Each structure stands twice: as structure tokens, then as C-alpha cells.
Chemist: 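Would you mind keeping the following structure in view while I ask a few things?
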2 protein chains.
Amino acid sequence: MSLGKDINQPVFRALSDPTRRAILELLADQPRSIGALVSHFEVSRPAIAKHLKVLEDAQLIAVSQQGRERINSFQPLALKSAADWMRWFDQFWDDRLERLKHAVEEECL
Amino acid sequence: MSLGKDINQPVFRALSDPTRRAILELLADQPRSIGALVSHFEVSRPAIAKHLKVLEDAQLIAVSQQGRERINSFQPLALKSAADWMRWFDQFWDDRLERLKHAVEEECL
DNA sequence: TTGACATGAAACCAAATGGTTTCATATAAG
DNA sequence: CTTATATGAAACCATTTGGTTTCATGTCAA
């Protein structure tokens, strides 16, 4: 089955946490330092730092040192393969909808 | 931020495991009993049963008892909100591509 | 140089996760 | 009825996860 390679496992893992998804949304708006991110949450700075590490490992963000700050920026590309995996089911979902529509039509005859 | 409601957290949680994603693909092909699923993997039946529980909690599958068998069927609808969340970044990704294209064009002048 | 600030890193912890084995139960088949 | 099948359920276990606190380090500013 489609297990084995599973190139986007790190991405799915990264997306499984709500805080990480929120971080991603914030970084999609604009690149930010860790400190700038922390203020948006109620967890400690090291906690956010760990989340960023997970996101970085999944290549969902890129990090660049700027003086004493680390600027984290969103990396949309990494989302693509995961999004593609989902999109396949989307098409499937449309099919089902279509079938349901047909079924309802039949029933109404 | 978009934390708080997070209606699709169970879906993202469920998708974070490769075995669970593989199960979902199998069920998208056709509904199957637990036993029919187990043969596709190298883990024990209880392990698969637990995965199915997670998928069911996320409403990614529906279960119907048929005699002594439990038939698990894929429920595409639950994927939609999660897919939508991703789709938002897709558009963003296209934007970036567009910007990059413009940047390259500028550079070539 | 001396602080103050932004962060890295380590040690530690409770809870969740993914897995197992064992035992119980309901149903289909002889 | 008896047996084999399909599953549920419980107990248990190692590892991972998400979080903390504490301490070290590098950099900007006075």
C-alpha cells in the first residue's frame, strides 16, 4: 500500500498539533521571531521553540539568523504533497455527492 | 487566533499516523471489516481496531454491524474542513509562485 | 564594560500514543 | 450443541509528546 516511502509523514505529524497550525497561520501572514510568536500563545517560549523545531524538520518553515534574532518564515512548498494527498479524497467526495444526488433523484421519481 | 474552536483537530490528529492514512485509502476503495484490513498490515488486530476507533471519533469512517462483522466505510465529508484549511495555503503558495515569477521577470530586464 | 534581551540547551515530568498479550462474547456453520 | 470466527475489552508496556524550569551564551545598547 502507499506506506513505505511516505515522504510527507513529517508534514502530517507537524500539522497534527493545533498550536503548530496556528503558528503556521501567523507565519503565513509574515515572518516572525520566536519572541514575536510567543506573545500569541499561553505556553512558554521553550514550548514554542520546540514546535518551531518540528515545523522546521517538516520544512514547513525556514529559519534565518538575523543578529540575535531567529526569523521564522513560512515555507508553503512543503504543504503541497500533503495537500495533494487530501485533494485525491476531495475528488472522491465529489463523486459521492454526485452519486447521492442521483440516488435522491431516483427516489423522487 | 484560529485556536479555540478547532473543529477539525480530531481529523488532523487522525491523519498524523501513516497506518491510519493507509487504512483510509483502503476504505476509500471499498468498505471492509477489521479482519479484512488487518491482512494489509503487519500489526496486530487490536492495533488496527484502535486506529479505527480514532478514525471513527474523527468521523472519517462510519461503522455498521453486520452479523458478527463490523463494516468500516470511508466518510469523505469529514475531510472537507481539513482540506479547506490546507487549500487556503494552496492559494498562498500560488501567490508566492506568482511573486517569484514576477521577480524573475524583473531580473531578466 | 555592563546590562538587558533573544535564544539555545539540558533535565525533568505527566500524559498520550501505538503497540502487545490475554480473556470474554456473540454469531455463523457443521 | 459445538466449534470456529470476528470482534470487544482489559491490562500492561515502552516511547513519544508537549510542557515545564533552570542555566548558559551570544548580541545589541548604553
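Computed from a predicted structure; not experimentally measured. Every chain is numbered from 1 and lettered A, B, ... according to where its sequence line falls, protein lines coming before strand lines.
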Chemist: Tell me: CZ of A:R21 to P of D:dG18, nearest whole Å?
Modeler: 11 Å
Chemist: Below 3.5 Å between N/O atoms, which protein atoms pair up with nucleotides 11-20 of chain C? Just atom names and distances, please.
Modeler:
unit_1: C:dT17; atom_1: OP1; unit_2: B:R13; atom_2: NH1; d: 2.2
unit_1: C:dG18; atom_1: OP1; unit_2: B:R20; atom_2: NH2; d: 3.4
unit_1: C:dG18; atom_1: OP2; unit_2: B:R20; atom_2: NH1; d: 3.0
unit_1: C:dG19; atom_1: OP2; unit_2: B:H51; atom_2: NE2; d: 2.3
unit_1: C:dG19; atom_1: N7; unit_2: B:K50; atom_2: NZ; d: 3.1
unit_1: C:dG19; atom_1: O6; unit_2: B:K50; atom_2: NZ; d: 2.2
unit_1: C:dT20; atom_1: OP1; unit_2: B:S44; atom_2: N; d: 3.3
unit_1: C:dT20; atom_1: OP2; unit_2: B:S44; atom_2: N; d: 2.8
unit_1: C:dT20; atom_1: OP2; unit_2: B:S44; atom_2: OG; d: 2.3

Chemist: For the pair made of CG in B:L37 and P in D:dG8, what is the distance, rounded to whole Å?
Modeler: 12 Å
Chemist: Establish, yes or no, whether a centroid distance under 6.0 Å links the rings of B:F12 and A:F12.
Modeler: no
Chemist: What is the separation between atom CZ on B:R70 and atom P on D:dT7, rounded to the nearest whole Å?
Modeler: 9 Å
Chemist: Do the charged groups of A:K80 and A:D84 touch, with an N to O distance under 4.0 Å?
Modeler: yes
Chemist: Looking at A:R21 and A:L15, would you say the former's side chain and the latter's main chain have a donor-acceptor pair under 3.5 Å?
Modeler: yes
Chemist: Calculate the interatomic distance between B:E56 atom CD and D:dG8 atom C1'; express it in whole Å.
Modeler: 13 Å
Chemist: Using atom CZ of B:R68 as one end and atom P of D:dA6 as the other, report the distance to the nearest whole Å.
Modeler: 5 Å
Chemist: Answer with yes or no whether the hydrophobic clustering places B:V38 together with B:I61; edges join I, L, V, M, F, W, Y residues whose side-chain heavy atoms lie under 4.5 Å apart.
Modeler: yes
Chemist: Is it true that B:D17 and A:R13 make a salt bridge, defined as a side-chain N closer than 4.0 Å to a carboxylate O?
Modeler: no
Chemist: Find the distance A:K53:NZ to C:dA9:P and express it as a whole number of Å.
Modeler: 10 Å
Chemist: Among A:K50, A:E25, A:H51, which one satisfies side chain to side chain contact (heavy atoms under 4.5 Å, CB included) with A:R20?
Modeler: A:H51
Chemist: Can you measure A:Q66 atom CD to D:dC28 atom C1' for me and round it to whole angstrom units?
Modeler: 14 Å
Chemist: Measure the distance from CD on B:E69 to C1' on D:dG8 and round it to the nearest whole Å.
Modeler: 15 Å
